[in-house]
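We name chains A, B, ... by the order of the sequence lines, and we start the count at 1 in each one.
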Amino acid sequence: MLTMKNAINELKKIIAPEKVLTSREDMLSYAYDGTPLLQQLPEAVVIPETTEQISAILRLANREGFPVVPRGSGTGLSGGAIPVRGSVVILMSDWNQILEIDKANLTAWVQPGVRTQDFQRAAQEQGLFYPPDPGSQAICTIGGNVAENAGGLRGLKYGVTRDYVMGVEMVLPDGTVMMNGGKNVKNVAGYNLRDLIVGSEGTLGIFTRVLLKLIPKPAASKTMLALFDSLEQAAQSVSDIIAAHIIPCTMEFLDATTIRCVEDFAHIGLPTDAGALLLLESDGHPGQVADESAKMEEILKRNKATEIKVARNDAEADRLKTARRAAFSALARIRPTTILEDATVPRSELARLVNTVTGLAAKYDLMVGNFGHAGDGNMHPTVLTDERDKDEMERVELFFNELYEETLRLGGTITGEHGVGLAKKKYLEKMMSRPEMQVMRSIKKALDPNNILNPGKIFS
Amino acid sequence: MSHSAYYDQLLNCMHCGLCLPVCPTFSITGREKDSPRGRIRLMKSVADEQMDISTGYMEALDFCLDCQACVSACPAGVQYGDLLEHAREEIYLHQQKEGRVHWFKKLTLGWLFTRQSRLRALGMAMAIYQKSGLKFLVEKSGVLHLFPEKLREWHRLMPDVDMKRPPVSVASVGKKKKAKMRVGIVSGCVQDIFFSSVNRDTLEVLAGNGYEVYLPPDQNCCGSVAGHNGDTETARELARQLIDTFHGRVDQIIINAAGCGSFMKKYDQLLAADSAWAEKARWFAQNTRDIMEFLDENGFTPPENALDKKVTYHEPCHLSHAQQIKEAPRRVLKQLPGISYVELPEAGWCCGSAGVYNITHFEDSMILLDRKMKNLKKTEADIVVTGNPGCMIQLAYGNKRSAFQPEVLHPVSLINRLYKKSAEGNNDD
């Protein structure tokens, strides 16, 4: 085996030397992603320009035994892009071209480094719609979204990234280039590899091109904000809306702490004494939107909403949604360390999950902000703490352990949209059965026998 | 900022990455160390002693425009401007200890900008060069081709010196019993040399609106040039001088340069540890107003005559992001009769001026300027207004590079133009 220094020299033979970064400053600034508390310096960061180069890097990694970690914009929340010890990071954010928007088939070929919001806008210019909209959409990349199977505010009605991936070209861990999928709406030839690739968290391959599905842009939409005195009233409204067989595009929940932080940042006139709020959006045919939002308003009023505000235009609706997307980061205003989780339960159990969070926060004497995608049972309870306070950090650990036990007891999952990565690895085995874990490990072993691609993520 | 406050602020960054898409330098290189999130991580690494104050670290911080677009974008409220200033001070002290402060920095920060008389002498020399025909000769003779291209570009960048300074003997205008308020004007250092007409317009607009105006002739730089470059001691001394000039003499202090305003509003932080000056500094910071902010807060007499022009507004970073004054200038402009206001795409995106960035990082600065000019073209505006001398110099230079050439004005000059037009009763501009 070569030493790392020699391996870096080999890398410089594969790609231009100035695309191989090794300075202390560069290594420190690629040591993290959006995940709190975790960091690890890589040995080098490389910026490939061709698929062949990626393939050659992976072959070298197999030969010399160094790990490789793919990275987009580094906004992930489970540690998927955090380097592992002795690794080389492959930076894909320069691969930012939209290659084709096919209006006849309603599909688009994009490079993995395209920013989600840029792609949404490009689709919109063609009268088309790409629904997945994670909180970091202004900067996160399609490649990262596919790797993590990212969700967003519109997941309730439109689903998540997986529902929009039709094909992927990728470099497998051994350097083989594989194309899977295509523009066929229906296709049952062979195993459904797509569903294995989406959400593989950078452990099964590095994407070089992604084929995405587009849908027609809804003709109308209406966004509204409902304020409540209590959490229960908001949670009950969500259950009642679903029970009335209404599936709005968006149904987002914010608790009192989150409302205050968001208002402090965005100044959009949220009452800082509200106990909870729901942000709702109905979209589709104008008639359907009118009907659906009237029914929702009725339910909100029945649950004693203290105020219902309707956005007057698209710009105002956008401001509300942008403010909601900033919720997680805005919570960092209160305490230096912000640890966010991704507990998800069947929708009928939402009220119970919300109450569990409140109860556990009191039990462990922690400050917790809670918000999330109420409509799909996906909450982001966020502990506001200080990593320097060892005693408090121990209580944080106990809080999350108990929260996840309760989530699983309610039939929920440890992660709805952020992925397992490093952050939730230890909870995965509690959730999955032994055969499930074994199948996952066999797949990883079959595709990556030397365990060089993003090793130690999802499971060890 | 104390070291512990600095460290707390560093920890407030939860590295979510929402600052990346608004950062101009990140847009140029796409490298994490050229983003606010990356720079904060480097500052933290130095604070944690994981890294020395290396050449690479200094370059990374030097590459930052200090436009603070990231401050507007940051949901967590991280005060990046304060962090950068503290980090640059650390670098300056480190270089001083090592005896490695660049001679040009010493000359400009420690000597040239500490006395306005020195800057004026330089301004006078430049004016003679420009007005005597020597500049014309140099340009036409082709002698510039003997110099590197960069120097030639700088030569073109240099704006004309504005010799029509407000009458220096006037210490107080509009003194009357019924004056609404007594306000002081900070004449600035760069503004005083290149745009003294902006100071004159500020004075006339305020006096015309019934304020008693105090404009002392011998003011020095506010200290922002030194402060933004890490020389905090010099900045403190200049701040004390400026506070002394106005304290006890005026109700409010008016500034028409965004870069100065953002620095003056933080005099309280700058002099917090100086017991003799802390109280006065707090007063000064609380009572400083940008001219557009002041007119928006207190209202102004609308000019009688209309100006049939399309006007757009470029946000100075140090007004929009550092002082969070975004809507006030727009509200004021929209009150001007006859004007059709058109919004500039990416109005809050830095023009690349950023102090002396267009000299120290010429190529990168031009990438940003060309982007700005492209956006300006989309507006088809006749006039672009902006409230900072650095931006005005940069946009004027943009006009030399671009086929689309809107007139560049300070908003207060536009207002005064309408007042004067009204006074002349002249309706055909």
Those residues of residues 20-29 of chain A, ordered by number, that approach chain B below 4.5 Å (heavy atom to heavy atom): L21(A), R24(A), E25(A), D26(A), L28(A), S29(A)
Greatest number of non-hydrogen atom pairs under 4.5 angstrom with chain A, of S35(B), G30(B), G56(B), falls to G56(B)
Keeping Y32(A) on the side-chain end and H15(B) on the backbone end, is there a donor-acceptor pair under 3.5 Å? no
Using the side chain to side chain contact (heavy atoms under 4.5 Å, CB included) rule, take F328(A) and L18(B) through it: C-alpha gap first, then chi angles, then the decisive distance, then the call. CA-CA 11 Å; F328(A) 164 48; L18(B) 293 187; over 6 Å; no
Turns out that what part of I47(A) lies under 4.5 Å from chain B's heavy atoms comes down to side chain
Which atoms of L77(A) are under 4.5 Å from chain B, going by heavy atoms: the side chain, the backbone, both sets, or neither? neither
Nearest 0.5 Å, what's the OG-CG distance between S45(B) and L41(A)? 8.0 Å
Counting heavy-atom pairs closer than 4.5 Å to chain A, which one of C74(B), A60(B), C13(B), S72(B) comes out on top? C74(B)
Region of T75(A) that comes under 4.5 Å of a non-hydrogen atom in chain B: both
Check ion pair D33(A)-R37(B) (N to O, under 4.0 angstrom): no
Highest number of heavy-atom pairs under 4.5 Å with chain B: which of R325(A), E387(A), R388(A), Q39(A)? R388(A)
Check: R31(B) and L91(A) side chains under 4.5 Å, non-hydrogen atoms: yes
Contact origin within Q117(A) toward chain B - heavy atom pairs under 4.5 Å: neither
Contact part of E59(B) toward chain A, heavy-atom cut-off under 4.5 Å: side chain, backbone, both or neither? neither
Highest number of heavy-atom pairs under 4.5 Å with chain B among G34(A), A323(A), S329(A) belongs to S329(A)
Contacting region of L11(B) [heavy-atom separation from chain A under 4.5 Å]: both
For chain A, the option from M14(B), K44(B), R39(B), M51(B) that forms the most heavy-atom pairs under 4.5 Å: M14(B)
Quick check on T337(A) against chain B: is it the side chain, the backbone, both or neither that has a heavy atom closer than 4.5 Å? neither
